[in-house]
Chemist: 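Mind having a look at this structure? Questions to follow.
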There are 2 protein chains.
Amino acid sequence: MKEDITNILKRNSLSLTASREKILQLFLSNDGALSHGDIEKKAGERFDRVTVYRTLQTFTEKGIIHTIPTADNAVRYALCKDNCSEGHHHDHHVHFICQQCKQTFCLDDVVTPDIKLPRGYALSHIEVVAEGVCRQCKR
Amino acid sequence: MKEDITNILKRNSLSLTASREKILQLFLSNDGALSHGDIEKKAGERFDRVTVYRTLQTFTEKGIIHTIPTADNAVRYALCKDNCSEGHHHDHHVHFICQQCKQTFCLDDVVTPDIKLPRGYALSHIEVVAEGVCRQCKR
DNA sequence: CATAAAAAGCAACAATGTTGCAAAATAGAT
DNA sequence: ATCTATTTTGCAACATTGTTGCTTTTTATG
């Protein structure tokens, strides 16, 4: 784990710092996606809010994490698979929000479908968010 | 127009007030979706921020408008078609965000596709947001 | 026009996000 | 191991956004 973290940072030519390591660790040990608020809470009092903002921004730019749109003004972040790189995200999977536990998951195996847009629209990327009840909550 | 507004409010048993009329008018005369901030700006200094919040909440509950998730912490709202009713939205269309003009549009004719989820997930509703360049900006 | 009910406005506050700058930590060379 | 340039952090101050309780105003209705 500690090794994974070091690898990810090195691979993206980011220096190894306590906050980056901690935040990466949170993502690695967490099933679902995390909001800025989640991270602040889970990281404890140990990091400044500003540091968390900047770290998330850096990670997003580097393609280490990606954002997940929501209808509640609390963008979530989740780890990217290895095929994302600086400035270029290649996440084509569906996201799932559980209405019960409120967690957001990446359904890595569910690929976003093709959508046919009306004439005149240029498509660059599609985001699919499914809502319902997740596996754990359902039983 | 004024008549449409009155109709919508009456139909939903909402009293006719200046702010509700103004906000509805903004939606009716606007192509794209509007964020809370947009509405505050467009409505001028005439309404309290709190009133705008409460009006948007009421309209959403009544099924007059629906929310559109975003990755930038600025939820957009757009008018629902007539088939939405109190507590029950039936919007199954795709939304489009233009990267140039930053506007959000409802593509009323583009229906959200069916998505097959892994075993164990109960689906209640799917949201599709497409990003790219819109018709106006493209030419 | 009077009245009850609903909505708006106001104030105070909480939470969230941003910026500039000084202090601290890191990477890399010696 | 130590020094140094560079990067990152923490802090302070601030801006923006969202929330709540309460009073005043407006609306619907007889």
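Just so it is clear: chains get the letters A, B, ... in the order the sequence lines come, proteins before strands, and each one is counted from 1. Because only heavy atoms are used, hydrogens play no part in the values below, and waters and symmetry mates are left out as well, while side chains stay in.
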Chemist: Hey, is the side chain of A:Arg54 pairing donor to acceptor with the base of C:dG17 inside 3.5 Å?
Modeler: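 No, no donor-acceptor pair under 3.5 Å.
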Chemist: On DNA chain D, compare the nucleotides closest to B:Lys10 and B:Lys41; which residue's is nearer the 5' end?
Modeler: B:Lys41
Chemist: Drop me the distance from A:Ile97's CD1 to A:Lys102's NZ, to the nearest 0.5 angstrom.
Modeler: 9.0 Å
Chemist: Other residues, nucleotides and ligands only: do more than 12 of their heavy atoms fall within 6.0 Å of CG on B:Asp109?
Modeler: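 At most 12 heavy atoms, drawn from other residues, nucleotides or ligands, come within 6.0 Å of this atom.
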Chemist: Please check the phosphate of C:dA7 (OP1 and OP2 only) for any side-chain N or O of B:Arg20 closer than 4.0 Å.
Modeler: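 Indeed, a polar side-chain atom of B:Arg20 lies that close.
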Chemist: Give a yes/no answer on whether the side chain of B:Thr17 brings an N or O atom under 4.0 Å of OP1 or OP2 in C:dA7.
Modeler: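 Indeed not, no polar side-chain atom of B:Thr17 lies that close.
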Chemist: Among the nucleotides D:dG18, C:dA27, C:dG17, which one has an atom lying closest to any side-chain atom of A:Leu16?
Modeler: C:dA27
Chemist: Given C:dA8, C:dG17, D:dT9, identify the nucleotide with an atom nearest to the side chain of B:Thr55.
Modeler: C:dA8
Chemist: Counting only side-chain nitrogens and oxygens, does B:Asn73 get under 4.0 Å of the OP1 or OP2 atom of C:dG17?
Modeler: yes
Chemist: Determine, using ring centers only, whether B:Tyr53 and B:His36 are less than 6.0 Å apart.
Modeler: yes
Chemist: Can you check whether B:Ser19 has a side-chain N or O nearer than 4.0 Å to OP1 or OP2 of C:dA8?
Modeler: yes
Chemist: Rounded to the nearest angstrom, tell me the gap between atom NZ in B:Lys22 and atom P in D:dT26.
Modeler: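 For the pair B:Lys22 NZ and D:dT26 P, the rounded distance is 19 Å.
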Chemist: Please confirm whether the shortest side-chain N or O distance from B:Thr51 to OP1 or OP2 of C:dG9 is below 4.0 Å.
Modeler: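 Result: yes.
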Chemist: Between D:dT19, C:dA7, C:dT16, which nucleotide has the shortest distance from any of its atoms to the side chain of B:Ser15?
Modeler: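 Among D:dT19, C:dA7, C:dT16, the one nearest the side chain of B:Ser15 is C:dA7.
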Chemist: Looking only at N and O atoms, is any donor in the side chain of B:Arg46 or the base of C:dG9 less than 3.5 Å from an acceptor on the other one?
Modeler: no
Chemist: Looking at the rings of A:Phe105 and A:His95, which for Trp means the six-membered one, are their centres under 6.0 Å apart?
Modeler: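 So the answer is no for these two rings.
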Chemist: Please figure out whether A:Leu14 or B:Asp48 has its closest DNA chain C nucleotide nearer the 5' end.
Modeler: B:Asp48
